[in-house]
Amino acid sequence: MRYSQSLIPTLKETPAEAVVASHRLLLRGGYIRKLTAGIYSYLPLGLAAVRKVEQIVREEMNRAGAQELLLPMVQPADLWHETGRYQKYGPELLRFRDRHDRESCLGPTHEEVITDLARREIRSYRDMGKNLYQIQTKFRDEIRPRFGLMRGREFIMKDAYSFDVDDEQSENCYQLMFDAYKRIFTRCGLDFRPVEADSGTIGGSFSHEFMVLADTGEDTLVICSSCKYAANMEKAAVKAPAADDAPLLDLEKVETPGKRKVAAVCDFLDIDPSELVKTLVFLADGEPVAVLVRGDREVEEVKLKNQIGAVEVEMADDKQVYDATGVPTGYLGPVGIKVKLLVDSEVAAMKNFTVGGNEKNYHMKNVNIGRDFEGTTVADLRQITKDDPCPECGAPITLREGIEVGHIFKLGTGYSEAMEAYYKDRDGEEKPMVMGCYGIGVSRVVAAAIEQNHDENGIIFPMPLAPVQVILLNLGINDAEISKVAESLYAELQEKGVEVLLDDRDERPGFKFKDADLLGIPLRVTVGKRLTKDGVVELRQRKDGSTEELTPEQLSDRVLALIDSAMKAAQ
RNA sequence: CGGGGCAUAGCGCAGCCUGGUAGCGCGCCUGCCUUGGGAGCAGGAAGUCGGAGGUUCGAAUCCUCCUGUCCCGACCA
């Protein structure tokens with residue numbers, strides 16, 4: 001590829017809209033351009049990087065026995081009505097009517113379409129054990145697209161769906177995918193962790209997310225320092241403490257004028273937030289529920305949602321709290337409360353704690369469960385913290401930020417039953433297909449790779465994802481000798497299978513160096529004055545800035561060796 | 001959807017408060033010069049000031065509405 005013929009519009013300055021590194025650098029490097037909110041064009045270099053990810057994904061999916069196909073992006077609403085998701089999915093599903101007034105939608109995911117295909121084409125247990133995947137543009141009308149390729153409305157995704165005869169076979173497939181995903185992200189050269197995850201709206205019984213570790217990640221991961229445990233924070237179980245066996249003290253109502261915040265109440269009563277229990281009200285599918293957690297804890301809404309089987313949970317605002325309980329926020333407590341009450345297991349183990357008095361300007365001290373109120377449900381409802389022990393082995397844990405690049409689910413028979421995707425087993429009996437689904441955010445992988453690998457000068461692509469492996473700078477466009485060597489190295493490297501971008505622009509050296517760094521191409525070859533002076537060209541590695549001088553004859557072997565070792569390192 | 005910004009040349013911004021013929025840097029075009037870390041000089045092109053309405057002799061500037069976009073929250077590959 002010749003720079004002069006390609007479209008690589010690099011920018012010296014950062015567009016104001018870009019906040020995170022990957023977005024900034026993809027724009028500056030001329031990899032992508034925004035068309036409208038959350039929708040981007042992939043320019044030649046951006047597409048090249050995407051293709052690298054796709055290729056690795058393809059190879060590993062095929063190796064794991066999956067078959068590639070391509071499903072439609074425009075889908076009839078009827079199919080979505082069958083699973084009930086036409087209503088459930090919400091405004092994220094872009095709906096429209098075609099010229100015949102048929103309700104349609106743009107596919108945000110393809111369970112319905114693939115299940116429809118499976119029920120039509122697969123009838124016998126002999127045909128089962130299929131895993132079908134596609135790499136395709138998805139559209140989700142995200143409430144808030146942001147961070148460039150990290151969270152677009154339109155994005156490239158690999159999604160696979162498996163159809164098995166029973167749980168055991170389905171589990172085998174899940175494990176196969178788990179291993180394939182580990183290989184995929186390793187081959188991409190990324191630092192990642194598979195973690196236990198909540199299965200979200202797609203449903204299903206069990207799932208793992210694959211997280212690229214990066215400070216800009218939108219998820220928090222819990223990683224055990226000792227055992228293999230790793231989980232998304234929203235899923236990470238908190239170990240219930242042993243019950244406090246202190247003797248029960250007498251209930252006491254105290255005046256706390258104007259003290260509404262945990263900090264203010266504790267300060268006023270001279271107690272620690274860990275001795276206070278706060279009562280928070282949530283709206284679960286519109287219904288108010290109260291949750292008790294310790295004053296210094298946070299409610300994990302995902303746990304709450306799963307506990308009560310709600311589709312949506314949100315914190316109630318002051319007015320909603322008052323409407324539901326008749327008590328202003330800040331003084332709410334469990335004693336005599338009017339809404340459904342859930343108790344975090346940590347609180348259930350406490351004795352003689354302080355709560356709101358369910359009356360303006362009052363709190364209650366020495367409150368005890370069982371004596372003063374009944375908790376209808378006791379469950380793990382709070383967010384884990386870095387001071388909590390590993391739920392598996394009890395060792396200390398660490399919290400890290402991560403970017404979700406892959407998610408695998410065991411779906412069970414939910415979709416197949418809803419859509420009547422049955423097969424006949426050996427005994428001629430009709431049975432629902434057992435499904436799994438496995439996604440990878442292909443375009444997001446590119447962004448995540450950059451979040452994890454960049455410096456102040458630009459991108460530092462891992463070799464396997466780099467749009468090209470080598471950038472070859474001709475610093476003497478108007479010098480016959482330099483140009484001749486640059487051209488012959490360009491030809492030679494390509495002949496040997498190396499991907500090369502030849503910078504043949506009539507620009508000053510500094511300009512080319514800056515662009516080369518910005519683009520993040522792993523290897524840079526410079527042909528310039530040192531050739532005419534000393535007969536050498538320079539080979540520089542983007543990742544550590546190390547340089548070596550070689551004769552033009554030595555260059556290609558050295559380049560091949562470096563590429564080879566970089567690719568082997570990511571195996 | 002709730003909260004908060006922003007919208008002026010391709011990009012980054014000033015001008016707005018206090019109304020009076022639209023500016024800077026980068027980029028772009030031409031010429032000279034220069035050539036190992038985003039050079040220098042000279043000349044040049046380029047803007048419905050997001051849109052609509054209003055106030056005013058006069059609006060980028062003041063008022064109203066609308067749209068777009070970015071950030072914080074709920075969603076997710």
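Every chain is numbered from 1 and lettered A, B, ... according to where its sequence line falls, protein lines coming before strand lines. Hydrogens, waters and symmetry mates are skipped; everything else that's a heavy atom, side chains included, is used.
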Extract from the structure each pairing of a protein N or O with an N or O of nucleotides 32-38 of chain B at less than 3.5 Å, listing the distance.
{"residue": "rU34(B)", "atom": "O2", "partner": "Arg508(A)", "partner atom": "NH1", "Å": "2.6"}
{"residue": "rG36(B)", "atom": "OP2", "partner": "Lys529(A)", "partner atom": "NZ", "Å": "2.5"}
{"residue": "rG36(B)", "atom": "N7", "partner": "Lys529(A)", "partner atom": "N", "Å": "3.3"}
{"residue": "rG36(B)", "atom": "O6", "partner": "Gly528(A)", "partner atom": "N", "Å": "3.4"}
{"residue": "rG36(B)", "atom": "O6", "partner": "Arg530(A)", "partner atom": "N", "Å": "3.4"}
{"residue": "rG36(B)", "atom": "N2", "partner": "Arg530(A)", "partner atom": "NH1", "Å": "3.3"}
{"residue": "rG36(B)", "atom": "N2", "partner": "Glu538(A)", "partner atom": "OE1", "Å": "3.2"}
{"residue": "rG36(B)", "atom": "N2", "partner": "Glu538(A)", "partner atom": "OE2", "Å": "2.8"}
{"residue": "rG37(B)", "atom": "O6", "partner": "Arg524(A)", "partner atom": "NH1", "Å": "2.9"}
{"residue": "rG37(B)", "atom": "O6", "partner": "Arg524(A)", "partner atom": "NH2", "Å": "3.0"}
{"residue": "rG37(B)", "atom": "N1", "partner": "Asp517(A)", "partner atom": "OD2", "Å": "3.1"}
{"residue": "rG37(B)", "atom": "N2", "partner": "Asp517(A)", "partner atom": "OD2", "Å": "2.3"}
{"residue": "rG38(B)", "atom": "O2'", "partner": "Lys12(A)", "partner atom": "NZ", "Å": "2.9"}
{"residue": "rG38(B)", "atom": "O6", "partner": "Arg28(A)", "partner atom": "NH2", "Å": "3.1"}
{"residue": "rG38(B)", "atom": "N1", "partner": "Asp515(A)", "partner atom": "OD1", "Å": "3.0"}
{"residue": "rG38(B)", "atom": "N2", "partner": "Asp515(A)", "partner atom": "OD1", "Å": "3.1"}
{"residue": "rG38(B)", "atom": "N2", "partner": "Asp515(A)", "partner atom": "OD2", "Å": "3.2"}

Exercise. What integer number of Å spans the C1' atoms of rC28(B) and rG12(B)?
Worked result: 15 Å
Problem set entry | P-based separation of rC29(B) from rG10(B) [nearest Å] | 15 Å
For this session: Return the nearest nucleotide to the side chain of Glu92(A); candidates are rC75(B), rA77(B), rC70(B).
Result: rC75(B)
Exercise. Is a salt bridge present between Glu487(A) and Arg2(A), judged by a nitrogen-to-oxygen distance below 4.0 Å?
Worked result: yes
Exercise. Which value, in whole Å, describes the distance between the P atoms of nucleotides rC11(B) and rG51(B)?
Worked result: 15 Å
Exercise. Are any side-chain N or O atoms of Lys138(A) and backbone N or O atoms of Asp159(A), one a donor and one an acceptor, separated by less than 3.5 Å?
Worked result: no
Exercise. Can you find a donor-acceptor pair, distance only, under 3.5 Å between Arg140(A) side chain and rC75(B) base?
Worked result: no
Seminar exercise, completed: Walking RNA chain B from its 5' end, the first of Thr14(A) and Ile156(A) to be reached, judged by nearest nucleotide, is Thr14(A)
For this session: Determine the Euclidean distance between corresponding P atoms of rG73(B) and rG38(B); express it in Å to zero decimal places.
Result: 39 Å
Problem set entry | Ring centre gap for Phe147(A) and His23(A) strictly below 6.0 Å | no
Exercise. Rounded to the nearest Å, what distance is computed from the CE atom of residue Met157(A) to the C1' atom of nucleotide rA77(B)?
Worked result: 5 Å
Seminar exercise, completed: From CG of Leu27(A) across to P of rC70(B) the rounded distance in Å is 11 Å
Exercise. Taking atom types as modelled and ignoring hydrogens, do the side chains of Asn306(A) and Asp198(A) form a donor-acceptor contact shorter than 3.5 angstrom?
Worked result: yes
For this session: Round to a whole Å and report the spacing from CG of Asp318(A) to P of rG3(B).
Result: 15 Å
Exercise. CZ of Arg24(A) versus P of rC70(B): gap in Å, rounded?
Worked result: 16 Å
For this session: In whole angstrom, give the distance that lies between atom CG of Asp285(A) and atom C1' of rA74(B).
Result: 14 Å
Exercise. RNA chain B: Pro145(A) or Glu234(A), which has the more 5' nearest nucleotide?
Worked result: Pro145(A)
So which protein N/O to nucleotides 66-69 of chain B N/O distances come out below 3.5 Å?
{"residue": "rU69(B)", "atom": "OP1", "partner": "Thr36(A)", "partner atom": "OG1", "Å": "2.8"}
{"residue": "rU69(B)", "atom": "OP1", "partner": "Ala37(A)", "partner atom": "N", "Å": "3.0"}
{"residue": "rU69(B)", "atom": "O3'", "partner": "Lys34(A)", "partner atom": "NZ", "Å": "3.0"}

For this session: Compute the ring centroids of Phe178(A) and Phe210(A), then answer whether they are less than 6.0 Å apart.
Result: yes
Exercise. Which one is paired to rU69(B), where only Watson-Crick or G-U wobble pairs with both distances under 3.5 angstrom count?
Worked result: rG5(B)
Exercise. If we take the C1' atom in both rA60(B) and rG50(B), what is their distance in whole Å?
Worked result: 12 Å
Problem set entry | Qualifying residues under ring pair (Phe, Tyr, Trp, His ring centres under 6.0 Å), relative to Tyr174(A), sequence neighbours excluded | His208(A)
Exercise. So does Lys158(A) pair up with Glu54(A), basic N to acidic O under 4.0 Å?
Worked result: no
Exercise. Is there a donor N/O on one and an acceptor N/O on the other, under 3.5 Å, for the side chain of Arg146(A) and the base of rC72(B)?
Worked result: no
For this session: Grab the two heavy atoms, one from Ser22(A) and one from Met150(A), that are nearest each other, plus how far apart they are.
Result: OG-CG, 3.8 Å
Problem set entry | Distance-only donor-acceptor check, side chains Ser162(A) and Tyr438(A), under 3.5 Å | yes
Exercise. Should rG23(B) form a Watson-Crick or G-U wobble pair with both distances under 3.5 Å, which nucleotide is its partner?
Worked result: rC13(B)
Problem set entry | Complementary nucleotide for rG43(B) - Watson-Crick or wobble, under 3.5 Å | rC29(B)
Problem set entry | Residues Arg540(A), Asp517(A): salt bridge by 4.0 Å N-O rule | yes
Exercise. Can you tell me if the side-chain N/O atoms of Arg144(A) get under 4.0 Å from OP1 or OP2 in rC75(B)?
Worked result: no
Exercise. Rounded to whole angstrom units, what separation is found between the CD atom of Glu154(A) and the P atom of rA77(B)?
Worked result: 17 Å
For this session: Between rC49(B) and rG20(B), how far apart are the P atoms? Round to whole Å, please.
Result: 16 Å
For this session: Please round to the nearest 0.5 Å and tell me the distance separating atom CG of Asp479(A) and atom NZ of Lys529(A).
Result: 11.0 Å
